[in-house]
Protein chains: 2
Amino acid sequence: MPGKDYLEEKAINTIRFLSADAVQKANSGHPGLPMGTAALTYTLWTRHLVHNPANPDWANRDRFILSGGHGSMLLYSLLHLTGYDLSLEELKNFRQWQSLTPGHPEYGVTPGVETTTGPLGQGFTNGIGFAIAEAHLAAIYNRPDFPIIDHYTYGLVTDGDLMEGLVAEAASLAGHLQLGKVIYLYDDNRISIEGSTDLAFTEDRGARFEAYGWHVLKVDDGNDVEAVDLAIQQAKKDSRPSLIICRTHIGYGLPTKQDTAAAHGSPPGDEELDAAKKAQNWPIEPRFYIPEEVLDSFRQTLGTGAESENHWNDLFNSYSVEYPAEAAELKRRLAGNLPENWEKSIPEFPADAKGMATRAASGKVLNSIAAAVPELMGGSADLAPSTKTWLEGIPDFQVGQYQGRNIHFGVREHAMGAIINGMAYHGGIIPYGSTFLVFSDYMRPAIRISALSHIQSIWVFTHDSVGVGEDGPTHQPVEHLTALRAIPNLVVLRPGDANEAAQSWAIALRRKDGPTAMALSRQSMSVIDRSLYSPAEGVERGAYILADLGDQKPDLVLMASGSEVDLIIKAGEKLAAEGINVRLVSFPSWELFRKQDQVYQDSVINPDIKARMAVEAGISLGWREWVGDLGIIMAVDRYGASAPAGQIYEEFGLTVENVINQANLLLRKVE
Amino acid sequence: MPGKDYLEEKAINTIRFLSADAVQKANSGHPGLPMGTAALTYTLWTRHLVHNPANPDWANRDRFILSGGHGSMLLYSLLHLTGYDLSLEELKNFRQWQSLTPGHPEYGVTPGVETTTGPLGQGFTNGIGFAIAEAHLAAIYNRPDFPIIDHYTYGLVTDGDLMEGLVAEAASLAGHLQLGKVIYLYDDNRISIEGSTDLAFTEDRGARFEAYGWHVLKVDDGNDVEAVDLAIQQAKKDSRPSLIICRTHIGYGLPTKQDTAAAHGSPPGDEELDAAKKAQNWPIEPRFYIPEEVLDSFRQTLGTGAESENHWNDLFNSYSVEYPAEAAELKRRLAGNLPENWEKSIPEFPADAKGMATRAASGKVLNSIAAAVPELMGGSADLAPSTKTWLEGIPDFQVGQYQGRNIHFGVREHAMGAIINGMAYHGGIIPYGSTFLVFSDYMRPAIRISALSHIQSIWVFTHDSVGVGEDGPTHQPVEHLTALRAIPNLVVLRPGDANEAAQSWAIALRRKDGPTAMALSRQSMSVIDRSLYSPAEGVERGAYILADLGDQKPDLVLMASGSEVDLIIKAGEKLAAEGINVRLVSFPSWELFRKQDQVYQDSVINPDIKARMAVEAGISLGWREWVGDLGIIMAVDRYGASAPAGQIYEEFGLTVENVINQANLLLRKVE
């Protein structure tokens with residue numbers, strides 16, 4: 001069919017030149033990837049990808065991830081051409097202020113963009129999360145003749161992705177879990193920013209992925225539509241995740257820049273671009289030229305997509321009749337609504353001076369809520385016995401038991417983070433991942449993207465201070481709370497007792513527009529007597545008055561988070577006994593407190609009370625905002641030490657006695 | 001020789017029980033690794049490792065890295081037994097306050113500890129840095145018959161290491177570079193914290209490492225000294241890095257806990273430990289029992305070690321006669337001294353209103369200094385053309401040209417970080433690594449360890465704000481400066497012009513007791529006219545007065561870092577023209593400023609001047625400390641945007657006009 005071939009070539013060139021024109025117009029961006037992989041993605045999008053451009057939210061659509069997010073124009077071209085709500089005007093505004101076509105794809109900004117990519121390896125790994133979500137939902141909800149959840153996760157991945165460590169972690173886990181619906185096209189263009197991949201990347205990638213348990217295929221010519229098509233067909237039939245290694249040419253068609261690093265990240269230049277068009281018999285003007293027949297051809301996706309979705313809707317309707325409870329639950333989950341009365345599952349802990357570590361409380365809360373909230377699913381980077389995140393009585397997620405909700409991530413924090421994000425992007429699941437707070441550093445890029453993408457990833461970080469004890473400074477976070485507080489749109493919670501831990505989980509479950517991180521203690525602390533102190537529901541306001549001790553306006557405000565709340569309560573009670581009017585403030589979350597109005601904020605931290613003191617077993621950075629110029633910050637501005645936790649607290653001056661001494665000093669200072 | 005075998009078995013059991021006794025006494029720690037790998041390390045340390053316990057600093061010693069740092073007691077046992085300055089008393093004080101035996105090995109604390117390990121994957125990857133340093137120094141300084149630098153890098157690595165992404169990155173690079181002197185024993189005990197490695201780690205590890213270009217060997221019984229010995233012999237002969245997969249048994253000998261996760265991270269308990277000893281005919285008491293003949297045997301290392309070092313000293317003396325210049329230079333480098341007059345290589349940049357990006361200035365400075373300082377060596381995670389860190393006219397570090405000083409790390413930020421640390425630990429090299437500031441997140445665990453270990457790693461981070469422009473929020477750091485400032489003992493520098501960039505490099509080179517991170521701009525800024533403003537040498541004090549404009553005590557202090565210094569100068573000049581007395585403060589480093597005495601600090605940021613304002617294109621967190629209760633912080637408390645940089649600055653209000661407006665508001669407020 002020469003006619004068809006000709007049209008295909010035209011369609012592929014349309015993707016290439018649309019992308020290159022946009023980069024050239026913006027005078028910024030990455031032409032090399034779109035030009036080199038246009039044929040790959042053309043084949044995937046027109047022959048395999050099941051999606052409906054008219055409804056990017058259709059639950060059972062195939063997912064496509066552009067892991068090399070720098071090639072964003074490729075994706076924007078495909079979205080526009082197949083009929084997503086992304087106008088040509090937006091393509092012309094590539095990389096401009098408030099356009100829908102930012103430099104790298106951003107979830108929530110552009111219809112049809114499934115994940116925020118650009119930082120390498122994230123997209124690849126998100127896809128493993130998509131596949132886990134898909135496999136899990138399928139295992140729970142599908143019934144004979146009702147493959148309600150049954151989609152592929154496709155991706156275009158790059159050399160840069162394959163060099164990143166989190167991809168190695170994710171690929172190993174995906175192979176272990178036999179996530180066969182993952183099909184990745186690898187853009188093997190042999191060029192990286194510093195030059196040929198021969199400079200630093202000469203491993204046998206295919207053999208590596210085979211060692212992980214992947215199905216590895218090769219396509220010698222990434223412009224060969226039939227070969228790519230065949231490889232995808234084979235990949236679909238295989239029960240292993242597939243990596244299709246496609247030999248491509250970066251900046252394909254650029255006369256002097258093809259196959260060079262110069263094609264990667266700079267506009268081609270008018271001359272180069274014009275010559276490329278000429279060589280393909282492409283009109284040099286107008287820019288952003290889309291042949292009518294090409295557009296017609298691509299836009300057929302709107303018809304086939306609607307058909308696919310309608311078919312699925314019919315299936316789902318029949319399913320709803322046969323399995324009304326399952327259908328209702330799945331619908332609720334996909335809509336992101338929590339089950340009715342779920343909040344009744346939040347436990348209350350009785351006052352207890354002996355106390356409980358907040359990680360232990362968190363474990364109880366999580367288990368209690370998980371019984372009521374089936375979409376809660378997650379795991380740990382090989383630390384579940386310590387982070388207390390295991391769901392008791394529920395299987396682990398493994399081959400043959402994808403209905404399991406406990407994921408063994410292995411010692412793979414970064415992949416865990418990006419997989420959790422993938423599950424959150426997917427929908428139908430509220431995912432959590434856990435490790436020690438000090439290892440939040442290992443997964444920080446994924447935490448950042450969860451916040452940037454406004455998704456509901458839940459991060460459970462235990463062993464949250466020098467209270468870790470004997471493991472020593474390598475395992476004792478001191479700067480990590482601050483470092484997490486620095487991430488915009490991340491809510492960080494450091495609960496001060498078991499009931500605050502319960503409230504923290506409630507907040508994390510309710511928060512749909514961004515991630516929540518919890519910092520939980522290894523060591524025990526009192527369960528605060530709420531008959532004497534305010535209810536733990538105050539957590540949702542970020543900071544709240546536990547009590548004003550004494551009968552006059554406070555002379556002194558003592559504030560603390562987490563395990564140090566215990567300290568200020570004990571110190572405050574003694575100070576009050578000496579006749580000082582003390583306000584005790586539990587301060588689990590700066591972000592939530594900042595969201596309160598000024599009246600509330602001032603009612604808790606009255607700027608007129610100059611004697612304000614904060615106690616936290618971490619660095620002091622940032623607390624000045626709350627204690628003011630004259631205030632005192634009792635903090636740990638150094639690395640920790642290896643010794644029993646109690647002794648470290650003594651040696652570092654984090655004692656009731658020292659709080660009292662410092663408070664007295666402060667009161668004299670402000671007088 | 002049954003007598004020898006018997007003694008060997010005794011020696012191996014001594015390592016096992018010494019380690020287990022210490023864990024039991026501390027009631028904290030990890031007995032499983034030492035008990036399982038005692039025979040492996042016994043074989044390595046007594047038959048292969050060339051070292052001199054009397055001089056842990058001998059330059060050409062073989063390095064041994066315990067990558068699974070949780071097994072620290074193994075290393076402490078070996079160090080004590082072979083005669084390092086680590087008493088039995090210290091072993092009895094394992095994990096106690098101020099002992100030399102912290103929970104995880106810490107560089108600089110315990111003689112003979114080569115790296116700080118515990119956070120998994122770091123040690124493995126440091127070793128690749130050791131091997132790069134070794135190969136490089138050998139290529140530069142060795143001469144026929146003078147193999148002055150010629151040592152192995154051995155390591156004991158674990159499942160946890162092999163699951164971590166940075167290890168995948170490092171292993172791929174090590175295979176590419178054919179670093180044949182890396183020999184790692186892999187403790188294949190098939191147990192992780194959550195249980196069997198079958199739960200999450202079923203890839204074919206041997207095949208994976210072969211795909212990286214490693215030489216992979218197997219030892220079926222990790223207690224078989226001869227088999228381990230033979231494998232190490234084979235590894236030494238191979239030109240590839242070697243991974244020796246040794247089947248071991250975690251907690252070997254513990255009657256109920258061997259081969260279970262219970263042996264990993266908890267004391268065995270007296271009963272279990274006693275039974276283990278009984279089964280080996282080991283005396284239950286005294287604890288910490290070391291048979292005399294075992295100690296004698298281990299302590300022979302002092303003799304052979306001294307001999308090895310003496311032999312090397314003789315060789316070096318002869319070398320010094322034949323190659324005096326090389327010998328002197330190598331000696332200087334190993335001593336950590338900079339060349340005489342190196343500071344003359346720091347360029348000065350003339351005032352220039354058009355200006356220059358600090359990344360560009362940094363590139364010129366680095367190249368100029370590198371010509372005078374041969375130990376300066378490093379590279380980028382595939383971003384050298386953007387980070388401007390390429391040393392011109394110097395080859396890259398590749399197989400066959402290990403004399404090269406430009407390292408292509410590939411897109412492997414985290415491995416780059418830990419490799420740089422390895423080079424710094426090794427000595428003889430001042431290493432630097434570079435990427436975009438936003439990707440400092442990818443390598444944060446390595447940055448932290450450089451700071452904790454007090455080593456001279458230099459981190460060059462460019463594209464340091466929303467000034468990145470079109471690449472958008474995924475590539476625009478906003479919280480990263482703050483997150484780096486949070487790390488104790490890391491000096492962060494954000495130079496305000498080309499000459500401050502030059503001073504930053506000078507500071508980084510002089511700073512021997514910790515790492516330095518630079519945040520450099522993508523976009524141009526003025527080169528400040530130093531005839532009007534104070535010299536850039538002020539950078540070394542962290543913050544300094546550029547000028548007091550006006551003839552009276554300042555009404556207003558404007559402070560900024562990096563690209564925003566330009567803004568406050570322009571705004572300050574206009575305000576001064578309106579008759580306001582303005583102090584302009586360049587504030588490149590909070591850490592250096594904090595190190596100044598209070599008198600200096602107050603002389604720059606006078607607490608009596610309440611109208612203080614800070615401008616920085618990043619989050620505001622932490623600036624309150626410097627501007628005070630009434631001050632204003634002009635910051636970017638949100639993610640960035642994809643648009644031309646100039647427009648982003650406009651939209652975010654980072655303009656001269658807005659600085660002036662805010663300053664006027666502030667002046668009214670404090671009146």
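Letters A, B, ... are given to chains in the order of the sequence lines, protein chains preceding strands, and every chain is numbered from 1.
With a 4.5 Å cut-off on non-hydrogen atoms, B:Glu470 touches chain A through its backbone and its side chain both. Looking at B:Leu452, both its backbone and its side chain come within 4.5 Å of chain A, counting heavy atoms on both sides. Of the atoms belonging to A:Asp159, not a single heavy atom falls under 4.5 Å from chain B. For B:Asp161, no part lies near chain A; criterion is any non-hydrogen pair under 4.5 Å. With a threshold of 4.5 angstrom between heavy atoms, A:Leu199 approaches chain B through its backbone and through its side chain. The contact between B:Trp590 and chain A is made entirely by side chain atoms (from C-beta outward), counting heavy-atom distances below 4.5 Å. Contact annotation for A:Arg205: neither backbone nor side-chain heavy atoms come within less than 4.5 Å of a heavy atom of chain B. In this structure, no portion of A:Glu650 lies under 4.5 Å from any heavy atom of chain B. The contact between A:Gln647 and chain B is made entirely by side chain atoms (from C-beta outward), counting heavy-atom distances below 4.5 Å. Heavy-atom distances place no part of A:Trp623 under 4.5 Å from chain B, backbone and side chain included. Heavy atoms closer than 4.5 Å to chain A are found in both the backbone and the side chain of B:Ala451. The contact between A:Thr116 and chain B is made entirely by side chain atoms (from C-beta outward), counting heavy-atom distances below 4.5 Å. With a threshold of 4.5 angstrom between heavy atoms, A:Ile619 approaches chain B through side-chain atoms but not through N, CA, C or O. Contact of A:Val478 with chain B is made through backbone and side chain together, with heavy-atom distances under 4.5 Å. For A:Ser28, the part lying under 4.5 angstrom from a heavy atom of chain B is the side chain only. Neither the backbone nor the side chain of A:Glu210 has a heavy atom closer than 4.5 Å to any heavy atom of chain B.
Taking chain B as the reference chain and counting heavy-atom pairs below 4.5 Å, the highest number among A:Ala200, A:Gly165, A:Ala261 is found for A:Ala200. Of all the listed residues (A:Asp382, A:Ile193, A:Asp204, A:Leu621), the one sharing the greatest number of non-hydrogen pairs under 4.5 Å with chain B is A:Asp382. Your options are B:Ala641, B:Ser620, B:Gly160, and the one with the most heavy-atom pairs under 4.5 Å with chain A is B:Gly160. The candidate from A:Gln96, A:Glu169, A:His104 with the greatest count of non-hydrogen atom pairs under 4.5 Å with chain B is A:His104. Taking chain B as the reference chain and counting heavy-atom pairs below 4.5 Å, the highest number among A:Ala384, A:Gly469, A:Gly410 is found for A:Ala384. In terms of heavy-atom pairs under 4.5 angstrom with chain B, the leader among A:Ser380, A:Ala26, A:Ala415 is A:Ser380.
Contact annotation: the side chain of A:Arg624 never approaches that of B:Trp626 to less than 4.5 Å [non-hydrogen atoms, C-beta and beyond]. With a 4.5 Å cut-off on side-chain heavy atoms, A:Thr474 and A:Tyr639 do not count as touching. Side-chain contact between A:Ser386 and A:Phe436: present, with at least one pair of heavy atoms (C-beta onward) separated by less than 4.5 Å.
Judged by distance alone, the side chains of A:His454 and A:Glu106 never bring a donor and an acceptor atom under 3.5 Å apart. Counting only N and O atoms by type, the side chains of B:Arg412 and B:Ser172 include a donor and acceptor under 3.5 Å apart. No hydrogens or angles considered: a donor-acceptor pair under 3.5 Å links the side chains of B:His480 and B:Asp441.
Between atom CZ of residue A:Phe439 and atom OG of residue A:Ser434 there is a gap of 12.5 Å, rounded to the nearest 0.5 Å.
By the 4.0 Å N-to-carboxylate-O rule, B:Glu203 lies close enough to B:Arg208 to be salt-bridged with it. Looking at A:Glu479 and B:Arg448, a side-chain N of the basic residue comes within less than 4.0 Å of a carboxylate O on the acidic one, giving a salt bridge.
Ring planes of B:His408 and B:Trp390: tilted class, angle from 30 to 60°. Taking the six-membered ring for Trp and thresholds of 30 and 60 degrees, B:His70 and B:His264 have ring planes inclined between 30 and 60 degrees apart.
Take A:Thr117 and apply the side-chain contact (heavy atoms from CB on, under 4.5 Å) test, not counting sequence neighbours, and it matches A:Ile65, A:Pro105, A:Thr115. The ring-ring contact (aromatic ring centres under 6.0 Å, His included) test applied to A:His176 returns no partner, not counting sequence neighbours.
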